[in-house]
> 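The structure follows.
As a basis for the values below, the full set of heavy atoms in this structure was taken, side chains included, without hydrogen atoms, waters or symmetry mates. In listed order, ligands and their atoms are each counted from 1. Throughout, numbering of the chain's residues begins at 1 and tracks the sequence.
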Amino acid sequence: MKKRVALITGAMGGLGTALCRRLHADGFTVIATHSPGNTTREGWLAARRDEGVTVRACELDVSNGNACDAVVRRLLEEVGAIDVLVNNAGITRDRSLRKMSAEDWHAVLGTNLDSVFNMTRPVLETMTGRGWGRIINISSVNGQRGAFGQCNYAAAKAGMHGFTKSLALEVARHGVTVNTVSPGYLDTSMVRHMPQEVLRDRILPQIPVGRLGKPEEVAGLVAFLASEAGGYVTGANIAMNGGQHMY
Ligand code: CAA
């Protein structure tokens with residue numbers, strides 16, 4: 001059988017890297033997009049080569065709809081199909097609302113939510129036309145609960161799931177599933193960059209499991225949703241947050 005193709009946005013971050021490794025291990029051809037000007041690209045690609053993980057890298061500003069249309073069109077010509085799309089690209093600009101600029105708002109909404117529209121629309125027809133596809137939107141516990149300093153991020157992440165449920169209805173009869181995965185605080189650079197006293201004193205005490213999540217744990221869930229076995233899960237928002245939603 002021809003290898004399936006998985007496209008992962010924001011693929012060179014902590015969770016993105018785990019997603020690339022796992023989907024490659026599961027037999028997918030993996031395409032990894034990264035933001036323009038990402039200076040870690042070559043080192044990241046070399047590290048994947050050393051591990052035997054073959055990845056096709058692609059520079060893309062996911063907040064730019066025209067750029068997404070053009071890149072997806074080019075990729076479809078090169079690889080024939082995109083079977084799995086993981087909308088993983090995301091940024092934070094954490095500030096209380098009274099200090100948040102319009103630029104902080106638009107940057108986060110553009111990268112975290114507009115990107116889902118920008119990427120999904122051009123791949124969708126190839127999925128529905130072939131009768132098989134998986135769209136997996138990486139949201140956050142903070143889209144479900146809200147978080148101090150994250151009006152922009154939480155709004156974008158909550159918005160993703162509205163998108164998921166609506167599109168899931170539209171394509172359910174065409175073999176395409178659409179799901180949201182909402183991780184909690186993972187051991188990634190995004191979390192390492194937040195104020196460590198906030199993490200230690202406010203966040204960790206609210207995680208019943210008592211530790212940060214591992215990107216590999218989330219990648220395992222995404223791999224299931226991307227598999228044949230995941231075909232009856234659609235429109236779901238699956239939380240993986242160490243029990244944080246009980247607080
Ligand atoms: N709960 C309650 N009070 C808090 C608070 C919290 N979580 N965080 C800060 N405060 C308090 C401060 O103690 C301070 O109080 P005092 O004035 O009495 O000293 C006050 O709020 C600060 O208010 P400001 O309006 O000045 O806040 P700020 O604009 O400086 O923002 C912050 C502070 C940037 C939001 C900082 O608290 C922060 O970075 N918090 C972490 C936000 C967060 O959880 N980010 C998650 C990043 S990881 C991620 O997003 C991945 C994922 O999906 C889970």
> At a 4.0 Å threshold, what atoms of ligand 1 neighbour a non-hydrogen atom of M190?
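Every atom of ligand 1 under 4.0 Å from some heavy atom of M190: 49 (C), 51 (C).
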> Going by heavy-atom distance to atom 36 (C) of ligand 1, choose the closest among G143, P195, C151, S96.
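It is P195 whose heavy atom sits nearest to atom 36 (C) of ligand 1.
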> Under 4.0 Å from atom 24 (P) of ligand 1, is there any protein heavy atom?
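Yes, there is one.
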> Using a strict 4.0 Å cut-off to heavy atoms of S140, name the atoms of ligand 1 that fall inside it.
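Atoms satisfying the 4.0 Å criterion: 52 (C), 53 (O), 54 (C).
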> Is atom 42 (C) of ligand 1 in close reach of the protein, with a heavy atom under 4.0 Å away?
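Within 4.0 Å of atom 42 (C) of ligand 1, protein heavy atoms are found.
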> Examine N142 against ligand 1 and note whether any of their N/O atoms are separated by less than 3.5 Å.
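No, since none of the N or O atoms of N142 sits under 3.5 Å from an N or O of ligand 1.
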> Examine distances only and state if a side-chain atom of K157 and a backbone atom of I138 form a donor-acceptor pair shorter than 3.5 Å.
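Such a contact is found between K157 side chain and I138 backbone.
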> If you measure every N/O of S139 against every N/O of ligand 1, is any gap under 3.5 Å?
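No; the residue has no nitrogen or oxygen that sits under 3.5 Å from a nitrogen or oxygen of the ligand.
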> For R98, take its heavy atoms, then give the atoms of ligand 1 lying under 4.0 Å from any of them.
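Those qualifying, in numeric order: 24 (P), 25 (O), 26 (O).
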> Within a distance of under 4.0 Å, is there any protein heavy atom near atom 32 (C) of ligand 1?
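It does not; no protein heavy atom is within 4.0 Å.
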> Below 3.5 angstrom, do we get any N/O pair linking R202 and ligand 1?
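Right, the criterion is met.
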> Under the side chain to side chain donor-acceptor pair (under 3.5 Å) test against D83, which residue among K2, K3, R4, R130 passes?
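Running side chain to side chain donor-acceptor pair (under 3.5 Å) over K2, K3, R4, R130 with D83 returns exactly one hit, R130.
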> For atom 29 (O) of ligand 1, decide whether some protein heavy-atom distance is shorter than 4.0 Å.
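Answer yes: something from the protein, a heavy atom, is under 4.0 Å.
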> With a 3.5 Å distance limit and no angle check, can you tell me whether N118 reaches the backbone of V62 through a side-chain donor-acceptor pair?
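The answer is yes, because a donor-acceptor pair under 3.5 Å joins these two groups.
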> Does a side chain donor of either N137 or N87 reach within less than 3.5 Å of an acceptor in the other side chain?
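Yes, because at least one side-chain N or O of N137 sits under 3.5 Å from a partner of the opposite role on N87.
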> Whether R56 and E78 form a salt bridge (side-chain N of Lys/Arg under 4.0 Å from carboxylate O of Asp/Glu) is what I want to check.
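A salt bridge links E78 with R56.
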> Kindly give the heavy-atom pair with the smallest separation between A239 and H245, and that separation in Å.
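Smallest heavy-atom distance, with atoms named: CB-ND1, 3.6 Å.
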> Any protein heavy atom at under 4.0 Å, with atom 16 (P) of ligand 1 as the reference point?
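Given the 4.0 Å cut-off, atom 16 (P) of ligand 1 does not count as touching protein heavy atoms.
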> Looking at G146, is its backbone amide N or carbonyl O close enough to the side chain of Q150 to form a donor-acceptor pair, meaning the two atoms are under 3.5 Å apart?
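No, the answer is negative, given that no donor and acceptor are paired below the 3.5 Å cut-off.
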> Looking only at protein heavy atoms, which one is nearest to atom 44 (O) of ligand 1, and how far off is it?
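Closest protein heavy atom to atom 44 (O) of ligand 1: Y185 OH, 2.9 Å.
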> Backbone N or O of S101 within a donor-acceptor pair of the D104 side chain at under 3.5 Å?
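Yes; at least one donor-acceptor contact below 3.5 Å.
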> Identify, by atom number and element, the atoms of ligand 1 in contact range of G149, meaning under 4.0 Å from any of its heavy atoms.
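Near G149, the atoms of ligand 1 are 35 (C).
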> With backbone taken as N, CA, C and O and side chain as the heavy atoms from C-beta onward, which portion of Q150 lies under 4.0 Å from ligand 1: side chain, backbone, both, or neither?
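It is the side chain that touches ligand 1; the backbone stays farther off.
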> As a check for students: among V141, D94, V191, L199, identify the option with a heavy atom nearest to atom 47 (C) of ligand 1.
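Considering heavy atoms of V141, D94, V191, L199, the nearest to atom 47 (C) of ligand 1 sits in D94.
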> Among all protein non-hydrogen atoms, which one is nearest to atom 26 (O) of ligand 1, and what is the separation to 0.1 Å?
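Ranked first by proximity to atom 26 (O) of ligand 1 is K99 NZ, 2.6 Å.
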> Could you tell me whether atom 39 (O) of ligand 1 has at least one protein heavy atom nearer than 4.0 Å?
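Within 4.0 Å: yes, protein heavy atom nearby.
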> So do the side chains of P215 and T188 get within less than 4.5 Å of each other, counting heavy atoms only?
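Yes. Closest side-chain heavy atoms under 4.5 Å.
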> For ligand 1, which atoms, with element, lie under 4.0 Å from some heavy atom of T92?
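Answer for ligand 1: 50 (O).
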> Check the hydrophobic clustering (I, L, V, M, F, W, Y; side-chain heavy atoms under 4.5 Å; chains of links allowed) and say if V116 and V181 are grouped together.
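In one cluster: no.
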> Show which atoms of ligand 1 fall inside a sub-4.0 Å distance from at least one heavy-atom site of V198.
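Taking each heavy atom of V198 in turn, ligand 1 has 37 (O), 40 (N), 41 (C) under 4.0 Å.
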> Atom 21 (O) of ligand 1: which protein heavy atom is closest, and how many Å away?
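That would be F148 CZ, 3.1 Å.
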> Say whether, by atom type as modelled, one donor and one acceptor occur between the side chain of D61 and the main chain of A67 under 3.5 angstrom.
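Pair absent, no side-chain N/O of D61 close to backbone of A67.
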> Is R173 atom CZ crowded by more than 12 heavy atoms from other residues, nucleotides or ligands, each under 6.0 Å away?
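Result for CZ/R173: open.
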> Taking T111 for the side chain and V108 for the main chain, is one N or O donor matched with an acceptor at less than 3.5 Å?
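No.
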